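Beneath this line is the structure, given in structure tokens, with notes to follow.
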Amino acid sequence: MIKVLIADDQELIRQSLQIVLSAREDIEVTGTAADGFEVLDRIREKKPDVILMDIRMPKMDGVYCTNAVKKLYPDIRIIILTTFDDDEFVFGALKYGASGYLLKGVSMDQLYKAIQIVYSGGAMINPDIASRVIELFSRKSISAYTIQVPEELVKELSKAEWPVIRLVARGMSNKEIASELFLSEGTVRNHLSNILNKLELRDRTQLAIWAVENGYMDEDQENA
């Protein structure tokens, strides 16, 4: 049985894919998610084998979510599904470890075949964009899709702030972080505000992305 998680910000697409895929005898849809943070939540609830990942989702898009998932769960296979064939998205998703990239116009049989292929360890790229992917990887540097924070700013973080960063990177809400660290939600909000100010980041999404990219998702990797 192949366990599949569906991530798309459009409810109609989530429901349609769930109905169609659940009809297959060898597929179990373990859940759905509307953004990258929800993906991380659903994985903790029931770890899937394959994620069907939309690229353009709010809060945390499919590119950064792919990065986060592959760092935490490298054995999970990810198929990017999108109506956009944007070169930058193709490069980012595949660079971070996606096993497939399909346009949403593919047939259900093609999608089903792609799930089987990536579950078995293979890769599946839509023929319409395969040649462009090869060209992209020949000319793009590995530095794309990064959020840079000067080292001197990182050094300003306190020991108490690193656990908050780690849990934000794992997609936890303020309430979940408060419960995990035995703090009040107000204290968590204050920590988060201080962290963002110190690192000169815009919001918790940028913080999560930065933490994922730099490996700050586990206690033994914190630079406190």
Side-chain angles (χ1 to χ4, degrees), residues 3-18 21 29-104 115 118 144-149 164-177 180 188 192 195-196 199 201-218 221:
K3 295 181 291 184
V4 177
L5 173 65
I6 300 167
D8 196 292
D9 64 338
Q10 297 184 49
E11 184 177 0
L12 180 60
I13 292 178
R14 294 196 303 271
Q15 292 179 347
S16 298
L17 288 175
Q18 184 170 15
L21 292 176
V29 177
T30 62
T32 63
D35 60 61
F37 287 117
E38 286 190 9
V39 168
L40 297 178
D41 285 339
R42 300 296 180 268
I43 292 175
R44 287 196 296 269
E45 294 167 5
K46 192 169 185 180
K47 185 180 173 183
D49 300 307
V50 178
I51 300 176
L52 300 181
M53 184 91 75
D54 184 25
I55 277 286
R56 299 197 179 188
M57 297 185 294
K59 299 181 181 178
M60 180 189 288
D61 67 32
V63 173
Y64 291 119
C65 187
T66 295
N67 188 19
V69 170
K70 295 301 287 187
K71 283 182 178 294
L72 283 173
Y73 311 96
D75 55 327
I76 292 180
R77 309 295 182 181
I78 297 174
I79 298 175
I80 298 296
L81 284 178
T82 183
T83 55
F84 303 92
D85 56 351
D86 189 292
D87 285 351
E88 295 294 331
F89 282 126
V90 173
F91 175 75
L94 293 176
K95 185 191 75 173
Y96 285 145
S99 298
Y101 195 105
L102 299 176
L103 301 180
K104 287 182 178 177
I115 292 172
V118 302
Y145 291 102
T146 60
I147 290 180
Q148 302 291 338
V149 174
V164 175
I165 293 172
R166 174 169 54 84
L167 298 180
V168 167
R170 289 177 175 268
M172 290 189 179
S173 66
N174 286 352
K175 183 177 181 180
E176 291 172 325
I177 294 172
E180 179 78 12
V188 172
L192 185 58
I195 291 166
L196 294 177
L199 299 182
L201 296 176
R202 185 182 63 245
D203 51 36
R204 69 188 299 132
T205 299
Q206 283 197 340
L207 176 62
I209 292 165
W210 171 78
V212 167
E213 289 178 334
N214 289 276
Y216 299 137
M217 303 182 76
D218 298 307
Q221 293 173 312

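If you read the sequence from its start, that first residue is 1, and numbering goes on from there. Since we're looking at a predicted model, the values are computed, not measured.
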For this session: Could you give me the CA-CA distance, side-chain angles and deciding distance for Tyr73 and Ile78, then say whether side-chain contact (heavy atoms from CB on, under 4.5 Å) is met?
Result: CA-CA 11 Å; Tyr73 311 96; Ile78 297 174; over 6 Å; no
Exercise. When you look at Ile115 and Leu52, which way does the side-chain contact (heavy atoms from CB on, under 4.5 Å) test go after all the steps?
Worked result: CA-CA 9 Å; Ile115 292 172; Leu52 300 181; 4.1 Å; yes
For this session: Apply side-chain contact (heavy atoms from CB on, under 4.5 Å) to the pair Asp61 and Arg56, showing each step before the final yes or no.
Result: CA-CA 5 Å; Asp61 67 32; Arg56 299 197 179 188; 5.9 Å; no
Problem set entry | Intermediate values then yes/no, side-chain contact (heavy atoms from CB on, under 4.5 Å), Leu81 and Ile13 | CA-CA 11 Å; Leu81 284 178; Ile13 292 178; over 6 Å; no
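Heavy-atom minimum distance, Val118 versus Gly100: CG1-N, 4.5 Å. Here the shortest heavy-atom pairing between Pro48 and Val4 reads CB-C, 4.3 Å. When all heavy atoms of Ala34 and Pro58 are compared, the pair lying nearest together is O-CD, 3.7 Å.
Two residues are said to be in side-chain contact when any heavy atoms from C-beta on lie closer than 4.5 Å; Glu176 and Leu167 fail this criterion. Using a 4.5 Å heavy-atom threshold, the side chains of Leu207 and Leu192 count as touching. No side-chain heavy atom of Trp210 sits under 4.5 Å from any side-chain heavy atom of Val168. Counting only heavy atoms from C-beta outward, the side chains of Ile80 and Met53 approach each other to under 4.5 Å.
Here the straight-line distance linking atom CG of Asp75 with atom NZ of Lys47 works out to 3.5 Å at 0.5 Å rounding. Rounded to the nearest 0.5 Å, atoms NZ (Lys70) and CZ (Arg77) are 5.5 Å apart. For the atom pair Leu5 CG and Gln18 CD, the distance stands at 10.0 Å (nearest 0.5 Å).
Side-chain atoms of Arg14 come within 3.5 Å of backbone atoms of Asp8 as a donor-acceptor pair (strictly under, hydrogens ignored). Judged purely by atom type and a 3.5 angstrom limit, Asn214 has no side-chain atom pairing as donor or acceptor with the backbone of Tyr216. Judged by distance alone, with hydrogens and angles left aside, the side-chain atoms of Asn174 form no donor-acceptor pair with the main-chain N or O of Ile177 at under 3.5 Å. Under a 3.5 Å cut-off, the side chain of Arg42 and the backbone N or O of Thr32 do form a donor-acceptor pair. A side-chain donor-acceptor contact under 3.5 Å links Asp49 to the backbone of Lys3.
Annotation: Glu45, atom CD; neighbour count of heavy atoms from other residues, nucleotides and ligands within 6.0 Å is above 12.
Using a 4.0 Å cut-off between charged nitrogen and carboxylate oxygen, Lys59 and Asp9 do not count as a salt-bridge pair.
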